[in-house]
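Quick note: numbers below take in every heavy atom, side chains included, and nothing from hydrogens, waters or symmetry partners.
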Amino acid sequence: MSFVNAVDMTQDAYKNHYAIGAFNTNNLEWTRCILKGAQETNTPVILQVSMGAAKYMGGYKLVMDLVADTMESMNITVPVVMYLDHGNYEAAKECIEVGFSSVMFDGHDLPFAENLEKTKEIVKLAHAKGISVEAEVGSIGGEEDGIIGEGELASVEEAKTLAATGIDILAAGIGNIHGKYPENWTGLHFDRLQEISDAVKMPLVLHGGSGIPKEQIVKAVKMGISKVNVNTENQVAFANATRAYIESGADQIGKGYDPRKLLAPGKKAIVDVITSRIGWFDTPAVK
């Protein structure tokens with residue numbers, strides 16, 4: 001089964017008030033877990049890779065080939081989007097060339113006028129090949145030099161302007177944060193989400209989906225969030241399960257040190273997170 005772009009699935013999610021899970025891969029194990037979770041729930045999935053993870057894994061083409069070959073070996077039948085997450089201009093162009101089915105061009109750190117012009121260029125290149133495009137307005141919060149920000153609120157006017165470039169999906173800051181959320185985090189800004197949703201009337205993305213309480217995610221999905229990104233939550237679940245396995249001494253029994261056994265609890269933990277979150281997002285089964 002070949003990759004699909006994200007247009008039809010996110011448009012349907014937007015119209016019917018559910019979301020598609022977007023899960024980041026970091027290696028072979030992550031890839032298999034994401035595909036397993038989607039196949040077990042019989043739901044479409046967005047399989048993402050960041051620039052850093054792609055570099056670690058050996059490049060964008062290797063990642064794409066790994067995912068495609070794994071889909072074939074696992075007999076995956078659900079729709080899968082091969083997605084670049086938070087790509088800069090050069091990364092987006094490279095992924096368009098190698099055959100990704102969707103790219104996110106993240107120009108939030110550029111002057112807005114430059115973000116706008118580069119987004120238009122990426123849209124033109126991608127749409128010519130049937131590839132969907134996500135862009136970002138404002139900035140998603142996170143940790144910098146030990147200081148954790150609340151997360152920037154995107155400008156409604158800038159959101160409208162960026163949406164008009166022809167992008168298919170829009171990421172906008174509504175108080176969400178990449179990585180772990182601090183104890184003093186005040187939650188998502190639903191008033192700004194409503195303003196942006198009313199202004200652009202298109203599928204929106206919730207970045208930093210790991211750690212947001214279920215009730216807030218469910219509410220955001222009903223208000224126009226059509227794609228929810230999850231990465232940190234899987235990393236933490238994997239680390240905790242692997243630590244528990246080693247601390248139990250299981251790696252010292254027989255061939256418990258075999259990586260296939262050593263990594264098995266962590267892999268199961270990832271699948272459990274994915275299937276749980278797909279339920280949160282209310283993603284319907286493939287008919």
Side-chain angles (χ1 to χ4, degrees), residues 2-24 43-51 60 64 78-89 91-108 110 112 115-138 140 154-174 176 193 196-207 209 220-221 223-230 281 283-284:
S2 59
F3 298 121
V4 299
N5 68 33
V7 174
D8 289 344
M9 66 171 65
T10 54
Q11 283 287 346
D12 190 73
Y14 175 71
K15 292 174 183 176
N16 293 290
H17 305 292
Y18 66 89
I20 307 294
F23 305 98
N24 285 53
T43 54
V45 70
I46 294 171
L47 196 153
Q48 304 189 141
V49 68
S50 66
M51 292 192 298
Y60 298 111
M64 185 187 70
V78 298
V80 178
V81 182
M82 185 71 247
Y83 211 102
L84 170 66
D85 185 31
H86 285 287
N88 61 22
Y89 181 65
K93 289 200 299 182
E94 182 176 349
C95 288
I96 290 168
E97 286 302 312
V98 303
F100 276 47
S101 60
S102 191
V103 297
M104 177 192 181
F105 167 58
D106 182 357
H108 83 267
L110 302 172
F112 184 68
N115 183 8
L116 199 62
E117 288 307 308
K118 280 187 163 57
T119 298
K120 290 178 182 178
E121 292 179 40
I122 294 299
V123 167
K124 183 178 180 180
L125 291 171
H127 283 184
K129 295 190 173 186
I131 298 167
S132 50
V133 178
E134 174 186 339
E136 181 175 322
V137 61
I140 310 303
S155 159
V156 177
E157 286 305 312
E158 287 187 356
K160 288 173 63 177
T161 304
L162 197 60
T165 61
I167 59 172
D168 304 289
I169 317 162
L170 176 66
I174 54 171
N176 41 325
L193 172 58
I196 292 172
S197 184
D198 290 344
V200 302
K201 294 181 171 58
M202 69 184 301
L204 300 174
V205 185
L206 182 63
H207 282 255
V221 168
M223 295 173 64
I225 293 294
S226 307
K227 171 179 179 273
V228 182
N229 288 15
V230 177
F281 308 153
T283 315

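Contact of the K129 side chain with the E97 side chain is registered, since non-hydrogen atoms from C-beta on lie closer than 4.5 Å. At a threshold of 4.5 Å between non-hydrogen side-chain atoms, the residues I122 and I96 count as touching. Annotation: side chain of M104 is not in contact with side chain of I169 (no heavy-atom distance under 4.5 Å). Using a 4.5 Å cut-off on side-chain heavy atoms (C-beta onward), Y14 and M202 make no contact. Looking at F100 and V49, their side chains come closer than 4.5 Å, going by heavy atoms from C-beta outward. Residues F281 and T43 form no side-chain contact, since every pair of their non-hydrogen atoms from C-beta on lies 4.5 Å or further apart.
Looking only at distances, a side-chain donor or acceptor of S101 sits under 3.5 Å from a matching main-chain atom of M82. Put simply, the side chain of S197 gets close to the backbone of M223: a donor and an acceptor are under 3.5 Å apart.
Residues P79 and V4 come closest through the heavy atom pair CB-CG2, 4.0 Å. Among all heavy-atom pairs drawn from A199 and V156, the shortest one is CB-CG1, 3.7 Å. For the pair T283 and A19, the tightest heavy-atom approach, listed with the atom from each and the gap, is OG1-O, 2.6 Å. Considering all non-hydrogen atoms of both residues, S132 and V7 come closest at CB-CG2, 3.6 Å. Of all the heavy atoms in A163 and V200, the pair that sits closest is CB-CG1, 3.9 Å. Across every non-hydrogen atom of T165 and L162, the tightest pair is OG1-O, 2.6 Å.
Between the OG atom of S102 and the CG atom of L84 there is a distance of 8.5 Å, given to the nearest 0.5 Å. With values rounded to the nearest 0.5 angstrom, N88 atom CG is found 10.0 Å from K118 atom NZ. Expressed to the nearest 0.5 Å, how far CD of E134 lies from OH of Y83 amounts to 3.5 Å. Note that CG of D85 is 9.5 Å distant from CE of M51, once rounded to the nearest 0.5 Å. Separation of atoms CG (N229) and CD1 (I20) is listed at 12.5 Å; rounding is to 0.5 Å. In this structure, NZ in K227 is found 11.0 Å from CE in M9, a value given to the nearest 0.5 Å.
Of the residues listed (V103, I167, D168, I131), the one engaging V123 in a side chain to side chain contact (heavy atoms under 4.5 Å, CB included) is I167, and it is the only one.
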>> Between V137 and I196, does the side chain to side chain contact (heavy atoms under 4.5 Å, CB included) criterion hold? Intermediate values first, please.
In response: CA-CA 11 Å; V137 61; I196 292 172; 5.7 Å; no

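Salt bridge K120/E117: present, at least one basic N to carboxylate O contact under 4.0 Å.
E121 and Y89 share a side-chain donor-acceptor pair at under 3.5 Å.
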